[in-house]
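Written out below as structure tokens is the structure these notes cover.
Because only heavy atoms are used, hydrogens play no part in the values below, and waters and symmetry mates are left out as well, while side chains stay in. Below, chain A is the first sequence line, B the second, and so on; all start at residue 1.
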Protein chains: 2
Amino acid sequence: MSASGNGLAPVKKRPAYLLVFGALEDAILSGRLSEGESIPTEMELCRQFDVQRSTVREGIRLLEQSGLVVRHGKRLTVVRPKTEEAAESTSRGLARHGVRFIDVWEANIAILPGTARLAARKIKSADRKRLAAITAELSEAGETEATVALSIEYLMAIAEVTGNRVLGVMVHSLKLLLESSLQQVVEALPNPRDRILRAQTEINTALQAGDADQAQAWMARHLEDLRRGYLVAGVDLNSEVGTFDKL
Amino acid sequence: MSASGNGLAPVKKRPAYLLVFGALEDAILSGRLSEGESIPTEMELCRQFDVQRSTVREGIRLLEQSGLVVRHGKRLTVVRPKTEEAAESTSRGLARHGVRFIDVWEANIAILPGTARLAARKIKSADRKRLAAITAELSEAGETEATVALSIEYLMAIAEVTGNRVLGVMVHSLKLLLESSLQQVVEALPNPRDRILRAQTEINTALQAGDADQAQAWMARHLEDLRRGYLVAGVDLNSEVGTFDKL
DNA sequence: TGACCTGGATTGTCTGACAATCATACAATC
DNA sequence: GATTGTATGATTGTCAGACAATCCAGGTCA
């Protein structure tokens with residue numbers, strides 16, 4: 001199961017700093033080093049792996065960038081990266097890749113109605129209150145900015161209602177990609193607040209009744225409505241979502 | 001917008017290796033260093049930033065792990081990370097986070113029907129051929145393994161038909177999370193090949209006709225059917241998707 | 001032209017060192 | 001007793017210089 005073709009197995013000798021990184025990563029992922037603990041000091045690692053400190057340091061830098069540890073003062077402590085970071089890295093990767101606004105919207109329209117459907121099956125009473133609260137707040141929102149913020153919060157809340165971390169991360173990624181442009185859309189739509197309010201209310205009703213079909217359908221309508229805003233606003237849907245630097 | 005509460009802004013002096021990393025990252029993201037080019041040699045960077053080589057190396061390690069460069073022989077060359085890598089990092093992040101199989105399936109069911117709907121609007125003739133080819137191959141597949149591979153390939157193909165990179169990445173992430181477990185399911189289902197074949201055929205027909213509703217509906221049915229397999233197979237849907245090491 | 005060889009360039013690793021910073025414990029002050 | 005200053009050791013960030021292994025390019029030879 002190794003040698004390639006004609007002969008000797010490719011003696012791939014990976015550099016020592018990669019071994020250091022690998023060993024530490026493994027220790028963390030396997031739980032031998034658990035959250036909150038700090039990794040051994042550089043000198044300790046030198047002894048442990050029998051390499052030089054500069055080598056250890058290079059390994060540690062890889063670990064650092066991988067998001068498995070954070071500098072807490074002087075020590076590096078192990079963290080289970082929050083889901084938000086997963087979402088951020090996804091968005092970042094996509095943004096780097098010349099994703100266009102149209103892609104983001106299509107993805108929203110493909111994903112969120114199904115998410116709303118799932119939400120209808122999963123919703124609990126606390127969630128209902130939360131959604132209702134957002135809608136209530138929106139009904140009193142004055143400025144465009146607040147309207148946008150609450151619209152997005154609502155979408156995120158729907159994803160959270162499902163209690164599904166995968167959807168949570170994905171919708172969060174969409175949110176990050178979306179945020180920069182939604183403002184213009186809302187500004188362009190006539191009566192944006194009322195339209196959004198209507199949609200949220202209908203979705204809330206459907207969720208209240210546990211009516212998955214209605215929840216899905218209204219979410220789809222809602223998003224289509226917003227998308228129409230792009231046309232009205234004259235936003236070029238083919239322009240790229242810029243790389244964003246909100247660390 | 002800085003100082004916390006009562007007083008002075010924290011004088012944070014970032015280490016030099018971070019500056020090196022930042023400078024290189026910026027150069028790449030801004031396009032001053034473009035794809036395929038190799039970054040300057042370590043000595044060159046030493047001169048440029050007026051720091052020591054070990055410092056430069058630490059910076060380079062950060063860059064390396066960030067996925068913006070890859071070792072090509074001895075040089076580090078700039079790459080725009082492929083979408084696959086974005087998907088991998090997303091999956092990795094999710095897997096690390098104790099995502100359960102049930103989460104992955106719910107996400108599939110929430111996302112893929114909408115994706116199929118979009119595919120119906122976007123599909124081109126070349127895509128139709130490709131999908132038909134996969135289905136044809138499946139109809140001749142003997143082993144379980146091939147059946148699984150083709151089923152997954154079909155789902156990926158649907159996502160690709162949409163031409164939407166966001167969906168592409170997300171479905172790819174789902175695929176990675178799913179792969180490990182689907183085998184068991186297919187083994188447990190009675191007549192797995194025929195069931196899957198039926199579904200693919202129906203979806204193909206719907207796509208052929210540009211019938212978004214039918215495409216969506218059949219995809220949903222298809223996935224529900226597969227999910228049922230988990231019950232039959234006795235797979236514990238609440239068990240966590242393990243962290244996987246396929247680099 | 002194509003296979004082969006050689007020397008310089010570049011990376012991976014080591015050795016050793018020092019200043020800055022952090023964590024503490026202890027002493028001095030109010 | 002609580003707060004503040006100080007001494008001490010541990011740890012990190014950075015520097016300086018070195019060497020072997022490997023890669024690359026250009027020249028040589030068939």
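- Take Thr55(B) and apply the side-chain hydrogen bond (donor to acceptor under 3.5 Å, both in side chains) test, not counting sequence neighbours, and it matches no residue.
- Note that the two end axes of the helix from dT1(C)-dA30(D) to dC30(C)-dG1(D) enclose an angle of 20°, each drawn from 5 base pairs, rounded to 10 degrees.
- Sequence neighbours left out, the pairs with a member in residues 99-108 of chain A that pass side chain to side chain donor-acceptor pair (under 3.5 Å) are Arg100(A)-Asp103(A), Arg100(A)-Asn238(A), Trp105(A)-Tyr230(A), Glu106(A)-Lys122(B), Glu106(A)-Asn164(B).
- By the salt bridge (charged side-chain N to carboxylate O under 4.0 Å, His left out) test, Lys74(B) pairs with no residue at all, sequence neighbours left out.
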>> For a quick check, with a 4.0 angstrom heavy-atom cut-off, what is the B/S/- contact string for nucleotides 11-21 of chain C, read 5' to 3'?
In response: BBBBB-B--BB

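- When the side-chain contact (heavy atoms from CB on, under 4.5 Å) test is applied to Arg57(A), the partners found at least two apart in sequence or on another chain are Glu42(A), Arg53(A), Arg61(A), Glu58(B).
- The side-chain hydrogen bond (donor to acceptor under 3.5 Å, both in side chains) search around Arg47(A) returns Glu44(A), not counting sequence neighbours.
- For Phe49(A), the ring-ring contact (aromatic ring centres under 6.0 Å, His included) criterion is met by no residue, not counting sequence neighbours.
- A side chain to side chain donor-acceptor pair (under 3.5 Å) check over residues 139-154 of chain B, counting only residues at least two apart or in different chains, returns the pairs Tyr154(B)-Asn204(B).
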